[in-house]
Amino acid sequence: MRKALIAGNWKMNGLTKDGESLAKEVAQFYSQNQSEKASMLVCPPFTLLSKVLDAVKGSGVSVGAQDCHTNESGAYTGDISAKMLKDLGCDYVILGHSERRTYHKESNELICAKAEAAIKEGLKAVICIGETEAERDAGKTINVCEEQFKKSVPAVSNGENTVIAYEPVWAIGTGKTPTNADVEEVHAAIRKFAVEKMGAEADKLQLLYGGSVKPSNAKELLSIANVDGALVGGASLKADDFIAIAKSRL
Ligand code: PGA
């Protein structure tokens, strides 16, 4: 069985004091509950990365950012490179989240270039894909996920340097989740696309589900075939909830 990854996406939330104490609580829990069954990852905003890295040191909890630039350095005001994240001590970076696809008009091609840059620096790329409600209603879910997967996942991706998060856009922050059968169908399809892309490596690839994961539905979602963890937004901002989600897979 693949090791699960329980990842928290803090989005644009958290000031120094709260962020630090949230990270410390997660770190304290995981340092006492480290397991081969699941690892834990927190992805705070850039401003908190350094503090959070200090707070989780030695606990086994990994730290990731929520975006990076395609280039190493240069005249890109306001941007942060994968090299800078690696230099700081990050292990992961979330790329292609639907909020970046929507608000920053990020294309599959840009996400692919960012993922390639991240992987080349030794970061693990958590690449997000998922359909909108209109696309689901039109029966296009699998096609949309296939296109996003094929175009957003770079050729350098393998089962160890890449994680895929399936996040139906309509399930993010809404309290709505797909049925277990729907999640199972999409994750099985993504596994198939991964086999086509990376052959036997696809077996190691962690496929996370994301979108309104909370303590009350985590156990069920995390027991679906081909669901190897969760990308948690809102519920990752409360230590008790995030820990409860992790416990359901530990
Ligand atoms: P949510 O967000 O858990 O608040 O729905 C998930 C995500 O956007 O990664």
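We count ligands from 1, going down the list as the structure has it; atoms in each ligand are counted the same way.
- Atoms of ligand 1 found under 4.0 Å from any heavy atom of A171 (numbered from 1 in listed order, with element): 5 (O).
- Residue A165 places no heavy atom under 4.0 Å from ligand 1.
- Residue contacts with ligand 1, taken as heavy atom pairs separated by less than 4.0 Å, involve N9 solely via side-chain atoms from C-beta onward.
- Inter-residue side-chain proximity for I172 and H97 is flagged as met; some heavy-atom pair is nearer than 4.5 Å.
- In this structure, atom 4 (O) of ligand 1 lies nearest to the protein heavy atom G234 N, 2.8 Å.
- When atom types are taken as modelled, the side chain of R100 and the backbone of I111 share no donor-acceptor pair closer than 3.5 angstrom.
- Put simply, part of S212 is less than 4.0 Å from ligand 1, judged by heavy atoms.
- In terms of protein heavy-atom proximity, atom 3 (O) of ligand 1 is closest to G233 N, 2.8 Å.
- Closest of all the heavy-atom pairs between G19 and V52 is O-CG2, 4.2 Å.
- Below 4.0 Å from some heavy atom of H97 lie the following atoms of ligand 1, by number and element: 7 (C), 8 (O), 9 (O).
- Using a 4.0 Å cut-off between a side-chain N of Lys or Arg and a carboxylate O of Asp or Glu, K140 and E131 do not qualify as a salt bridge.
- Within the 4.0 Å heavy-atom shell around ligand 1 one finds G173.
- For the residue pair N180/E220, the side-chain donor-acceptor check at 3.5 Å is satisfied.
- Short contacts between ligand 1 and G211, defined as distances under 4.0 Å to a heavy atom of the residue, involve ligand atoms 5 (O).
- When hydrogens are left out, the protein atom nearest atom 9 (O) of ligand 1 is E167 OE2, 2.7 Å; that is the closest non-hydrogen contact.
- Considering N158, D228, I164 as possible partners of L205, the one that fulfils the side-chain contact (heavy atoms from CB on, under 4.5 Å) test is I164.
- Within the 4.0 Å heavy-atom shell around ligand 1 one does not find K214.
- Looking at S236 against ligand 1, nothing comes within 4.0 Å, counting heavy atoms.
- The shortest side-chain heavy-atom distance between F193 and I142 falls under the 4.5 Å cut-off.
- Ligand 1 places these atoms under 4.0 Å from at least one heavy atom of K11: 2 (O), 7 (C), 8 (O).
- Contact annotation: the side chain of R136 approaches that of D182 to within less than 4.5 Å [non-hydrogen atoms, C-beta and beyond].
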